[in-house]
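As C-alpha cells, the structure follows; a few thoughts come after it.
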Amino acid sequence: MSVVFDAVMLLLLIATAITVARARDLVAAVVKFGLYSLVLCLVWQHRGAPDVAITEAAVGAGVTSVLFLLTIAKTARSERG
Amino acid sequence: MTLLGLDLDYVACIVLFCVGLYMLVAKSNLIKKVLGLNVMETAVFAFIVTSGMIDGGQEPIVVAGSAPPYTSPIPHAMVLTGIVVAVSVTAVALALIAQIHAHYGTIEVDELKELP
Amino acid sequence: MRTFALALVLVVAATMVIGIAGLPPHGDPDGPVHTHVGARYLEQGVAETGLRNLVTAVLLVYRGFDTFLEVVVIFTALVAVLALPSATRQPPPPRGEGAAASRREADDAVPVSPVVFLVVRLLAPFIAVFALASLYRGHVTPGGGFQSAAIIGAMMIALGLVFGREHAARLVPHGAKAWLQALGPLVFAAVAFVGWRLTGAFLGFPADEAAYALREAMVVVLEVAIAVGGAVILAQLFMALDAPS
C-alpha cells in the first residue's frame, strides 16, 4: 500500500513539474505549481514530516503562488518565444 | 524501492531537480525561470526529507502513545529553514521582475538582451 | 539555448545519479542520518530541552543560530523588496507583438466570486484558530513558530485578496508596523543575549532543572516572536508586491 502510494505520488509530482515547465500561460503554470506543492506536502506528511508539510502547504501552495500571481498581473500573462 | 541499485525515491528527486534546472536555463521568461528555481528548491527539500525518513518511523514528537523509531528531526528543521529562505528569494526576485517590466516593458531575456 | 539546456541537464543528472549510487539506502535505521547526532537528539532531546516536538527543539535550542539567521534572511528580503522604488509609475507601453494582447488581458479584471468571498470569510476564523493552536500546542503536536507564521500570513493574504488591501492592512496596527516587521530578529537577539548572561554562550539555554521555567519562557517568547514577526513580514511582502502600478 505504502509503496503504491509513494509511486503514484512521485509520478504525479514529476507529471505536474513537467506540466509547469510546458505551460505557455503563466497563470496556468503557477496554478500547476500550487498543485505540485500540495502533492509534495502530502508526500511529506506520509514520510513522517508533518511540520514541514504544514509549512509547505501554507507557504509553497499559498503565499508563493499569490506572490507569483501578483507579479504576473503587473507584467505579462503569456510567455513569448 | 530500488532499480539497478539506485534508490527510486532519490531518482525522483533528481528528475524534479532536472525539470527545474531545465526551466531555469532554457526558458526565456523571467517568471518561468523563478518557477524553475522553486521546483529545484522543492526537489532538494524532498531529497533532504527523504534522507531523514526511517522504515515504519513516526514523526519526531515524543508524547505518550508514540514509540521509536522516529524520523530524524534534523532534516525537518533544515527544510523548514529552507522553505522560509526560498519564499524570501522568490519575493525579492519577483519584486525585481516587476521593476524590470516597469523599466523595459518586457520580462523576456531574449528581448532584454536586444535593448540598447 | 534549448540544446545547451538539455546537455547541461544531462550532465548534472549523470553526476547526481553517480552521487546517489554511493548513498546508503534511505529508511535504514542504521544509516548515518540516524546514528550520529540525530540519535542523540532523539534520546536526550526531551530531557535537555523540555520540548516534546523535537523539530522545534532542534530549531530553537540545538540549532538556534540557523534559525536566528533565517529570521534575519526573511527580514532582509522584506527590506530589499521595500527598498525597490515599488512600481508606482505607469509601465511604459509594452514593446513587440503580443503586447496588445497582454494589455487586454490585464484590463478585464474578474470580480470576486460570491462563493470565494463567503468561503474565505467563513474559513478565516478557523484558520486563525488553527494557527494559534499550532503555536500553543507546538511542543506536543506538529506546529510551532514558523508553521503558524506561515498559516497566519497565508490567512492575511487571502483576506487581502478578497476584501482588498486596505482591509488587510488594518490587521497590522499602523504605529507598530515597523516594530512588528523587525520583531523576529530583535527578540531573537534579546533572547540570545539573555542566554549569554545566563550560560556564557550566545543563544545558550540554561540546562539545569532549576531553570526549567526560565528556559520554557525563553522558548515561548521566541516562538511567539517568530510567529507574529513572520506573519507580518509575509503579509507585508504581499502588500509590497500588490502596490498599485
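Just so we're on the same page: letters track the sequence lines, and every chain starts at 1.
- Interface remark: of the candidates Gly230(C), Ala77(C), Ala150(C), Ala149(C), Ala77(C) forms the most heavy-atom pairs closer than 4.5 Å to chain B.
- A pairwise comparison of heavy atoms in Asn53(C) and Pro142(C) identifies ND2-CA, 3.9 Å as the closest pair.
- With chain C as partner, the option from Ile74(B), Val92(B), Thr81(B) having the largest number of non-hydrogen pairs under 4.5 angstrom is Thr81(B).
- If you measure heavy-atom distances from Ala80(C) to chain B, the contacts under 4.5 Å come from the side chain alone.
- Between Phe202(C) and Phe65(C), the distance from one ring center to the other falls under 6.0 angstrom.
- Counting heavy-atom pairs closer than 4.5 Å to chain C, the top residue among Gly82(B), Ser72(B), Ser28(B) is Ser72(B).
- Residue Gln236(C) holds its CD atom at 10.5 Å from CD1 of Ile157(C), rounded to the nearest 0.5 Å.
- Proximity to chain B (any heavy atom under 4.5 Å) is restricted, for Leu241(C), to the side chain, taken from C-beta onward.
- Listed options Val25(B), Ile54(B), Thr71(B) were ranked by heavy-atom pairs under 4.5 angstrom with chain C; first place goes to Ile54(B).
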- [ ] Determine, stepwise, if the pair Leu60(C) / Phe68(C) fulfils side-chain contact (heavy atoms from CB on, under 4.5 Å).
- [x] CA-CA 9 Å; Leu60(C) 291 184; Phe68(C) 185 13; over 6 Å; no
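- In this pair, Tyr10(B) and Phe47(B) present their aromatic rings tilted. The plane angle is within the 30 to 60° band.
- Counted within 6.0 Å of CE on Met40(B), heavy atoms from surrounding residues, nucleotides or ligands total more than 12; the atom is thus considered enclosed.
- Only the side chain of Phe4(C) comes within contact range of chain B, with heavy atoms under 4.5 Å apart.
- Between chain B and the residues Leu237(C), Leu42(C), Thr76(C), the largest count of heavy-atom pairs under 4.5 Å involves Leu42(C).
- Of the candidates Leu59(C), Leu135(C), Thr56(C), Phe146(C) forms a side-chain contact (heavy atoms from CB on, under 4.5 Å) with just one, namely Leu59(C).
- If you tally non-hydrogen atom pairs under 4.5 Å between each of Val17(C), Leu10(C), Asp66(C) and chain B, the highest count goes to Val17(C).
- Options Val11(B), Ile83(B), Leu94(B), Thr50(B) differ in how many heavy-atom pairs under 4.5 Å they form with chain C, and the most are formed by Thr50(B).
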